Amino acid sequence: MSFFIETARLILRDIREEDAAAFFAMDSDPAVHTFLGNQPAQSIEQTQEAIASLLRQYDLYGIGRWATIEKETGEFIGWSGLKYITETENGYCNYHDVGYRFSPKFWGKGYATEATLAALSYGFGNLQLHQIHAAAHAGNQASRRVLEKCGLVFVNQFYWKDILCDWFTISRSAHLI
């Protein structure tokens with residue numbers, strides 16, 4: 001499976017094994033994991049396993065997180081996009097989640113909003129999904145603003161691995177307004 005989506009400032013494409021070093025640099029940064037349970041990647045092997053898992057998701061579900069590349073520099077800034085979730089979370093199972101994770105030097109530039117809007121358009125347009133969900137650490141106000149800016153609506157709070165999180169959702173009909 002191969003993905004290639006262009007936005008004004010980003011390229012969203014399938015993650016590849018050759019992304020491992022840049023992926024590890026992002027995912028091993030403790031700041032990136034502030035709202036993710038404070039467990040940054042400890043080895044390149046962990047990152048390679050994560051990439052292998054993403055590649056399996058592409059094969060199994062036709063979707064998975066995308067490498068997010070800054071057009072201007074060609075730099076891997078992190079990942080974003082949709083993921084099909086098969087585990088139960090907040091009472092939901094077998095649903096599509098939108099998310100993102102970027103290196104700190106790319107925070108605050110609007111990239112999360114740009115990537116999320118592209119992922120929603122892909123999900124509702126290409127995949128014909130009826131609903132997409134998202135979760136964010138309850139204390140992560142920046143992520144909450146991104147999700148709300150993109151039209152997702154706060155539904156409730158729940159615990160994920162003892163972390164209080166906010167649950168958001170958007171329907172296809174709301175996205176098309």
Side-chain angles (χ1 to χ4, degrees), residues 1-29 31-37 40-41 46-47 49-58 60-85 89 95-127 129 131-137 140-152 160 165-170 172 175:
M1 173 126 311
S2 185
F3 299 98
F4 188 88
I5 298 166
E6 236 178 301
T7 69
R9 301 175 299 154
L10 301 171
I11 293 172
L12 310 173
R13 61 156 174 81
D14 50 306
I15 288 188
R16 303 173 188 145
E17 291 174 3
E18 58 264 26
D19 294 322
F23 193 125
F24 177 68
M26 179 267 307
D27 215 29
S28 63
D29 187 326
V32 171
H33 287 266
T34 300
F35 295 109
L36 300 171
Q46 275 183 285
T47 301
E49 289 171 19
I51 290 172
S53 175
L54 286 166
L55 297 176
R56 281 191 299 278
Q57 290 171 25
Y58 295 161
L60 289 172
Y61 309 115
I63 196 67
R65 306 292 196 208
W66 302 313
T68 305
I69 310 298
E70 186 180 51
K71 267 188 191 178
E72 186 177 323
T73 63
E75 193 170 347
F76 178 99
I77 69 169
W79 57 254
S80 63
L82 299 171
K83 178 180 180 181
Y84 187 69
I85 307 288
E89 190 170 285
Y95 65 91
H96 288 84
D97 168 85
V98 65
Y100 42 84
R101 186 178 301 172
F102 299 146
S103 293
K105 76 179 199 177
F106 297 103
W107 295 354
K109 297 180 180 225
Y111 290 155
T113 300
E114 194 169 326
T116 299
L117 288 170
L120 293 174
S121 291
Y122 186 88
F124 291 127
N126 296 61
L127 300 178
L129 301 178
Q131 204 168 51
I132 296 173
H133 304 281
H137 185 291
N140 191 340
Q141 293 304 309
S143 278
R144 183 182 186 109
R145 278 191 304 276
V146 167
L147 296 171
E148 290 174 338
K149 220 186 298 188
C150 292
L152 284 96
W160 172 78
C165 294
D166 293 335
W167 184 263
F168 295 85
T169 192
I170 186 171
R172 183 173 186 206
H175 178 71

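Please read all numbers here as calculations on a predicted model, not as lab measurements.
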Fill in: With F102, the side-chain contact (heavy atoms from CB on, under 4.5 Å) member among W79, Y111, F76
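Single side-chain contact (heavy atoms from CB on, under 4.5 Å) partner of F102 among W79, Y111, F76: Y111.
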Just how far is it from atom [atom1] of [X] to atom [atom2] of [Y], taken to the nearest 0.5 Å?
X: H96; Y: K83; atom1: NE2; atom2: NZ; value: 12.0 Å
X: S2; Y: R16; atom1: OG; atom2: CZ; value: 6.5 Å
X: T68; Y: R101; atom1: OG1; atom2: CZ; value: 12.0 Å
X: D14; Y: Q57; atom1: CG; atom2: CD; value: 13.0 Å
X: D166; Y: Q141; atom1: CG; atom2: CD; value: 7.5 Å
X: I77; Y: I69; atom1: CD1; atom2: CD1; value: 8.0 Å

Any side-chain heavy atom of [X] within less than 4.5 Å of one from [Y]?
X: C150; Y: I170; answer: no
X: T116; Y: K149; answer: no
X: L152; Y: V98; answer: yes
X: L82; Y: L127; answer: yes
X: F24; Y: Q46; answer: no
X: L12; Y: S80; answer: yes
X: W160; Y: E89; answer: yes
X: R13; Y: D19; answer: yes

Item to complete: Show the numbers, then the answer: is there a side chain to side chain contact (heavy atoms under 4.5 Å, CB included) between L147 and Y100?
Response: CA-CA 11 Å; L147 296 171; Y100 42 84; 4.0 Å; yes
Distance-minimising heavy-atom pair for [X] and [Y]:
X: D97; Y: A135; value: OD1-N, 3.9 Å
X: S28; Y: A41; value: CB-O, 3.4 Å
X: A118; Y: T7; value: CB-CG2, 3.7 Å
X: M26; Y: V32; value: O-CG2, 3.3 Å
X: Y122; Y: I63; value: CE2-CD1, 3.7 Å

Quick one: does any side-chain atom of [X] pair with a main-chain N or O of [Y] as donor and acceptor, under 3.5 Å?
X: Y58; Y: R65; result: yes
X: S121; Y: L117; result: yes
X: S103; Y: F106; result: no

Item to complete: Apply side chain to side chain donor-acceptor pair (under 3.5 Å) to K109 and list each qualifying residue two or more places apart in sequence or on a separate chain.
Response: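 Result, side chain to side chain donor-acceptor pair (under 3.5 Å) vs K109: none returned.
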Worksheet item: Below 4.0 angstrom, N of the basic side chain to O of the carboxylate: do E75 and K105 qualify?
Response: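 Yes, this pair counts.
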Worksheet item: So which pairs with a foot in residues 113-127 pass salt bridge (Lys or Arg N to Asp or Glu O under 4.0 Å), sequence neighbours left out?
Response: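 Every pair satisfying salt bridge (Lys or Arg N to Asp or Glu O under 4.0 Å) with a residue in residues 113-127: R9-E114.
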Item to complete: Could you tell me how the ring of F3 sits relative to the ring of W66: parallel (under 30°), tilted (30 to 60°) or perpendicular (over 60°)?
Response: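 Judged by the thresholds at 30° and 60°, the geometry between F3 and W66 is tilted.
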